[in-house]
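Counting starts at 1 for both ligands and their atoms, in listed order. Atom set for the values below is all heavy atoms of this structure, side chains included, hydrogens, waters and symmetry mates excluded.
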Amino acid sequence: MALAQRSTLKNAAAQRTRSAAAPRVAFSSPVVAQLRQAAQTVRAAQQPAAQRNVKAQAAAVEATQAKTEVYNKSQFELYTLTTWLLQEQRKGKIDSELATVISSISLACKQIAAAVGRSGISSLTGVAGTGENVQGEEQKKLDVISNDIFCNCLRMSGRTGVIASEEEATPVAVEETDSGNYIVVFDPLDGSSNIDAGISVGSIFGIYEPSISVGSIFGIYEPSETCMVDGDLDQSLEACITNVCQPGKNLLVAGYCLYSSCHTMVLTIGDGVYGFTLDPYVGEFVLTHNRIQVPEVGKIYSFNEGNYAMWDEPTKKYMDSLKDPAKWGGKPYSARYIGSLVGDFHRTLLYGGIYGYPGDAKNKNGKLRLLYECAPMSFIAEQAGGMGSTGKERVLDIQPTEVHQRVPLMIGSKKEVEYYESFYKN
Ligand code: FBP
């Protein structure tokens, strides 16, 4: 009998003895699963807390993205912002005019992303030389450019009635529109103090329905740059201001665009929060984050602690408590502060935690503007399961009295904002 045959028979015999000896355990059996689970638990326990934390954050983002994969069936089937808007229209969630306004804003963000990306090359850094804006801040070149881009895109959409910008002293009434009178408030370039250093910046926007008919504005004046009227200036400007000064709870749409290592637009139309990343190859915002949910807790705080000495006692006590390891099982909160609201908020939305800009001895109401910074961001936070508070009240309930009014802002994970508020309740 050939050698090969003999050795196969030998192996078979040996195999039979082995399996006769060992209990037969199928690899998919519950026992193996338990063993695997036990091994994973042991390994997990050995992992330092930070590693577990990073894993948890990555898992949170992956979960959001996993939900998105269902949309992008094949690599050439791009689920873009336009596709998503069409779908939301089909569902009756928004009308075509509002979709047009959102598309015009996404066009503005693409242009600003390009300008920001080339700012160093096309000498778009530095101050504009146009002096200070209504906030008393020296305008940067890109502040002015971004503002022009936003105004042009909104005007061209033919769907906006009044627009209010951080860079404009008064609301701007857009030429008599053929239809759709949406009110758009925006900060064309947020965090501009970071722009020359190439650090993340962003644009923030909110869309309202007119609270009084825009027609009543137009009935009385020639369309022009600002609310110039041939009749009573105050009345028309007042009408503009009334239209933009609406409480955040009236918002129909809110969003921001982050200009950073990748450019991401995050948006809500009042039914969850979605993230779209700009694909530089096709120049389209592609859905990458489906129904973002901010984690309920997050041990990351984002405050400019340089103002600590000027904060009031409750805020100081709150900040001290975050840094007390004994209070948090030996590991205090981590500090992260980019100094641009859009960047700090975006991280907070995905990883959890809290971004805060409290009032202080110098600025009683803090630094951030209610209309085009705090309200849109609070609407997004609430739509993602988080909170937006002044520390004492819900930001979305505040009735604005001025276009550039400032309010303190605490925003992010529900439990973290509630914890801050608790220091004002004691
Ligand atoms: P603008 O750049 O639009 O004026 O926004 C204000 C802002 O830059 C926020 O983006 C940022 O969170 C905050 O001010 C930073 O303020 P500070 O330098 O006082 O920490």
If you have a sec, work out which protein heavy atom is nearest atom 20 (O) of ligand 1 and how many Å separate them, to one decimal?
Tyr337 OH, 2.6 Å

Is it the side chain, the backbone, both or neither of Tyr372 that has a heavy atom closer than 4.0 Å to ligand 1?
neither

Ion pair check, Lys323 and Asp320, cut-off under 4.0 Å
no

Going through the checks in order, is the side-chain contact (heavy atoms from CB on, under 4.5 Å) test met by Leu350 and His346?
CA-CA 6 Å; Leu350 296 183; His346 188 65; 3.7 Å; yes

shortest atom 11 (C) of ligand 1-to-protein heavy-atom contact is with Gly339 O, 3.3 Å

Shortest protein contact, atom 2 (O) of ligand 1 (heavy atom only):
Gly191 N, 2.8 Å

What do you reckon, does Leu368 have a nitrogen or oxygen under 3.5 Å from a nitrogen or oxygen of ligand 1?
no

Asp187 side chain to Glu373 main-chain N or O, any donor-acceptor pair under 3.5 Å?
no

Minimum heavy-atom distance Val144-Ala128, with the two atoms named:
CG2-CB, 3.7 Å

Taking atom 5 (O) of ligand 1 as the reference point, the nearest protein heavy atom with its distance:
Asp190 OD1, 3.0 Å

For Met310, enumerate each residue passing the side-chain contact (heavy atoms from CB on, under 4.5 Å) test, keeping only those at least two apart in sequence or located in another chain.
Asn307, Asp360, Ala361, Lys362

Nearest non-hydrogen protein atom, atom 14 (O) of ligand 1:
Lys367 NZ, 3.2 Å

Starting from atom 19 (O) of ligand 1, find the nearest protein heavy-atom neighbour and note its residue, name and distance.
Tyr357 OH, 2.6 Å

Does the ring center of Phe186 lie less than 6.0 Å from the ring center of Phe150?
yes

From atom 10 (O) of ligand 1, work out which of Leu189, Leu409, Leu341 has a heavy atom at the shortest distance.
Leu341

Does the distance from a Lys or Arg side-chain N to an Asp or Glu carboxylate O, for Glu166 and Arg369, drop under 4.0 Å?
yes

Any atoms of ligand 1 less than 4.0 Å from a non-hydrogen atom of Glu166? List them with their elements.
1 (P), 3 (O), 4 (O)

Side-chain donor/acceptor of Trp328 to backbone N/O of Ser321, under 3.5 Å
yes

One residue to check: Glu305. Relative to ligand 1, which of side chain, backbone, both or neither has a non-hydrogen atom less than 4.0 Å away?
neither

One thing to verify: whether Glu382 and Arg394 come together as a salt bridge, which I'm taking to mean a side-chain N less than 4.0 angstrom from a carboxylate O.
yes

Report the nearest protein non-hydrogen atom to atom 4 (O) of ligand 1: residue, atom name, distance rounded to 0.1 Å.
Arg369 NH2, 2.9 Å

A student checking ligand 1 against Asn304 at a 4.0 Å heavy-atom cut-off should list atoms 17 (P), 19 (O), 20 (O)

Against heavy atoms of Glu137, which atoms of ligand 1 measure under 4.0 Å?
4 (O)

SB check Lys414 Glu296 (cutoff 4.0 Å)
no

So the ring-ring contact (aromatic ring centres under 6.0 Å, His included) pairs with at least one residue in residues 358-381 (sequence neighbours excluded) are Tyr372-His404

Closest to atom 12 (O) of ligand 1 among protein heavy atoms sits Tyr355 OH, 2.8 Å

Is there a polar contact between ligand 1 and Asp187, counting only N or O atoms under 3.5 Å apart?
yes

Which ligand 1 atoms are under 4.0 Å away from a heavy-atom of Ser192?
2 (O)

